[in-house]
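One structure is given here, and the rest of the page talks about it.
Residue numbers start from 1 in every chain, and the chains themselves are labelled A, B, ... in the order their sequence lines are given, proteins ahead of strands.
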There are 2 protein chains.
Amino acid sequence: MSDPDAPLPTDAELSILRVLWREGPSTVREVLAHIDDAGYTTVLKQLQIMRDKGLVTRDESSRAHVYAAAVQAASTEKRLVDDLLDRAFGGSARRLVAHAIAGDSVSDEEIGAIRDLLDSVQSDDSDDGPDDS
Amino acid sequence: MSDPDAPLPTDAELSILRVLWREGPSTVREVLAHIDDAGYTTVLKQLQIMRDKGLVTRDESSRAHVYAAAVQAASTEKRLVDDLLDRAFGGSARRLVAHAIAGDSVSDEEIGAIRDLLDSVQSDDSDDGPDDS
DNA sequence: CTTGACATACGAAGGCATTCGTAGTATCAT
DNA sequence: ATGATACTACGAATGCCTTCGTATGTCAAG
């Protein structure tokens, strides 16, 4: 249920993955349209590298190959958070969360939503978070 | 009150900064004692580079120079979290926190502490978090 | 068939992070 | 004084990330 082997995406790779997660399988040109300040062959090369790494797959049936994310957004995001958790906070989720919610840009609405998350985590673990606005 | 100019620390740099934050001003050898799998000159070189970047300062009055963090733990951690927030979550603190607390290793005690943090952020902003166990 | 548009493949360059060897220098005990 | 010890400075190698230029291939229209 996770993505065992593929490495953590780098910066540029994550930008591309986020496009694929949001837009679904896409050609190089389609990905390019959602990335700022990048040349065509740059995105192409990145996707080729990402394919080697197992981060994306591609469908070659059309002339313009169609790339799709080979790793799930949720598990990848989780690993990125865990990585930072280890590197900067010694594994203390509380200290990381403290910084995440300390920002000026966190609305009371968000705070409320996070509170709901805490409820669902602490009590039971039936299914995932309430929703995803 | 923040650390304007110094860049975000890299991986190895963060490891060293965390030692300095925890142990206070230290010599190369003292830092080395808290780092796993690193040679003496490696740590030395890192500290020299970090000095060039403005991440640490050093006191040369003793033969063994004493290095001290030049950036605050809190603001650096905040910037690291904000960086991940931007790169992976489009700025949504809720989505980041969801992953941070979803871990199996987050105790109910931690959950409670995070809930307290939410209270202090949402309602008043008199002074900082309750404590730091 | 030729041409133009568009696609992929590949190599290479530049930059940064990380590591470590070597050389030079100061300190101290004998 | 001298040799051992500990420290700093510096250069260089390695590897990864990112970018882009160039070569090559394919397809459709004239």
Which of these nucleotides, D:dC17, D:dC20, C:dC20, is closest to any side-chain atom of A:Thr42?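 Within the option list, the nearest is D:dC20.
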Quick one: does any side-chain atom of [X] pair with a main-chain N or O of [Y] as donor and acceptor, under 3.5 Å?
X        : Y       : result
B:Glu110 : A:Arg94 : yes
B:Thr41  : B:Leu44 : no
B:Thr76  : B:Ala74 : no
B:Trp21  : B:Ile16 : no

Where each residue is assigned the nucleotide of DNA chain D containing its nearest heavy atom, which of A:Leu8 and A:Gly39 is assigned the position nearer the 5′ end?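 Comparing both residues, the 5'-ward one is A:Leu8.
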Protein-proximity profile, nucleotides 9-14 of chain C, B/S/- by nucleotide at the 4.0 Å heavy-atom cutoff, equals BBB---
More than 12 non-hydrogen atoms from neighbouring residues, nucleotides or ligands closer than 6.0 Å to CD on A:Glu60, yes or no?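 Correct, the count exceeds 12.
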Salt bridge (Lys or Arg N to Asp or Glu O under 4.0 Å) assessment of B:Arg115 paired with A:Asp119: CA-CA 9 Å; B:Arg115 209 182 298 272; A:Asp119 293 339; 2.7 Å; yes
Please state whether the phosphate of D:dT8, meaning OP1 or OP2, lies under 4.0 angstrom from any side-chain nitrogen or oxygen of B:Tyr40.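 Answer yes for this pair, as a side-chain N or O of B:Tyr40 is under 4.0 Å from OP1 or OP2.
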If only side-chain N and O atoms of B:Lys53 are considered, is one of them under 4.0 Å from the OP1 or OP2 phosphate oxygen of C:dA17?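 Yes, within the criterion.
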Whole angstrom is fine here: how far is it from CG in B:Leu47 over to C1' in C:dT19?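 My rounded result for the distance is 14 Å.
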Would you mind reading off the distance between B:Ile49 atom CD1 and C:dC16 atom C1', rounded to a whole angstrom?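 After rounding, the gap between these two atoms is 10 Å.
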Pairs involving residues 10-28 of chain A, ordered by first then second residue, that meet salt bridge (charged side-chain N to carboxylate O under 4.0 Å, His left out) (sequence neighbours left out):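 Passing the test, one end in residues 10-28 of chain A: A:Asp11-B:Arg87, A:Glu13-A:Lys53.
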Is there a residue in residues 19-35 of chain A whose heavy atoms reach under 4.0 Å of DNA chain D, and which residues are they?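 Output list: empty, so none.
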Below 4.5 Å, heavy atoms only, C-beta onward: do A:Val81 and B:Leu84 meet side chain to side chain?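 Side chain of A:Val81 against side chain of B:Leu84, heavy atoms only: contact under 4.5 Å found.
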